[in-house]
Amino acid sequence: MDWILTHGDTDGMCSGAIALSAHEGRKVFFSHPSGLAEDLRQVDGDVIICDIALSSVHLKGVMSELERIKSGGNRIVYIDHHPLPKNLKVEQFPGELVNSTMSCASELTYTYFKDVVPADMSRVAIYGAIGDYLDRTYVIEKLLTNWEKRSLYLESGILIQAIDSTGRDYESKRKIVDLLASNRTPSSDEEMVGRAIAEAIAEEEMRNRIKEVVKTVGRVAYVLDLQWSMGKGAVYARAYGNALIGVGAERRKGYIDMSLRTTSDQLNLNEIITTIAPRHNGSGGGHPKAAGARVPEGEFSAFLKDLDASAAEIERKRTVEY
Ligand SMILES: [Mn+2]
């Protein structure tokens, strides 16, 4: 069987939908950087992987699975926009590697498949770009010229809120990917519209609750176990904690999973996280302003202190430089 492995956020799901519209009938499976090696073990055919960072900590396991898939005579296309780990030898990559940190994965996936997917799939690339805050690139702005921008914002708003409401419900996520791949709009699906409105109402309540429960460690503001989108939790924690970095975290099987956000142009969360997470027996990474991490539960408070110290150090250096 042939596969599509993709990330479960809006950008990942839009990438997956574009790949699925290029390869109807493939099995869509959701994965993430620390689970990728394990998830690849079930792959027994061609595979397209979208929007999943190659993490330096898990690189060995991922590469050996990719080698196994390739040696079975199968084709691998790996499309991603996260920075490549320093220990990756690109020339030895066992498949096609499409990578740029300037665009979202949906844009890269659409560009890769544009000759084989219906032209209407360009709006799915735009939804994905909005989902990852990467809609102001040359390609996306050009694609937008053939659409009514304001209407696409409604569609992407419904899509993004509905996806946020799915959490780890992979069956619902798969239905959304199918809908997008078959060129239907989010607004045409009653269940999605219902989910989106309910999520928007929950967000308004949660936003106000975060004002009350946010905690700070120096320049870092965090919320823990809100049972809600960790990314949004991080955004509002930073805003209401009046901090440099926001963290939305939750306890999970002895670990703390978290999303991190900053609005500072001086910080690079990907660099900070890839440096400090391993010091706490954790892993993580992502983008300069949005990243994710996982550390053992007992390390969480030391990790936050380390995060604050790194931010302080960068702030101090930059101040001296200027
Ligand atoms: Mn992405």
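Bear in mind the structure is a predicted one, so any value in this text is a computation, not a measurement. Whatever order the structure lists them in is the order used to number ligands and atoms, beginning at 1.
By the 30° and 60° cut-offs, the orientation of the rings of Tyr236 relative to Trp228 is parallel.
Neither side chain, Thr6 nor Asp51, offers a donor N or O lying under 3.5 Å from an acceptor on the other. Using modelled atom types and a 3.5 Å distance limit, the side chains of Thr262 and Lys289 yield no donor-acceptor pair. Side chain to side chain, Arg123 and Ser156 fail the donor-acceptor criterion of an N or O pair below 3.5 Å. For the residue pair Glu96 / Tyr112, a side-chain donor-acceptor distance below 3.5 Å is found, with atom types taken as modelled.
Around the Mn ion (ligand 1), the protein contributes the following N, O or S atoms at distances under 2.8 Å: Asp11 OD2, Asp51 OD1, His81 NE2, Asp132 OD2.
A ring-ring contact (aromatic ring centres under 6.0 Å, His included) check over residues 273-296, counting only residues at least two apart or in different chains, returns the pairs His81-His287, His82-His287, His280-Phe303.
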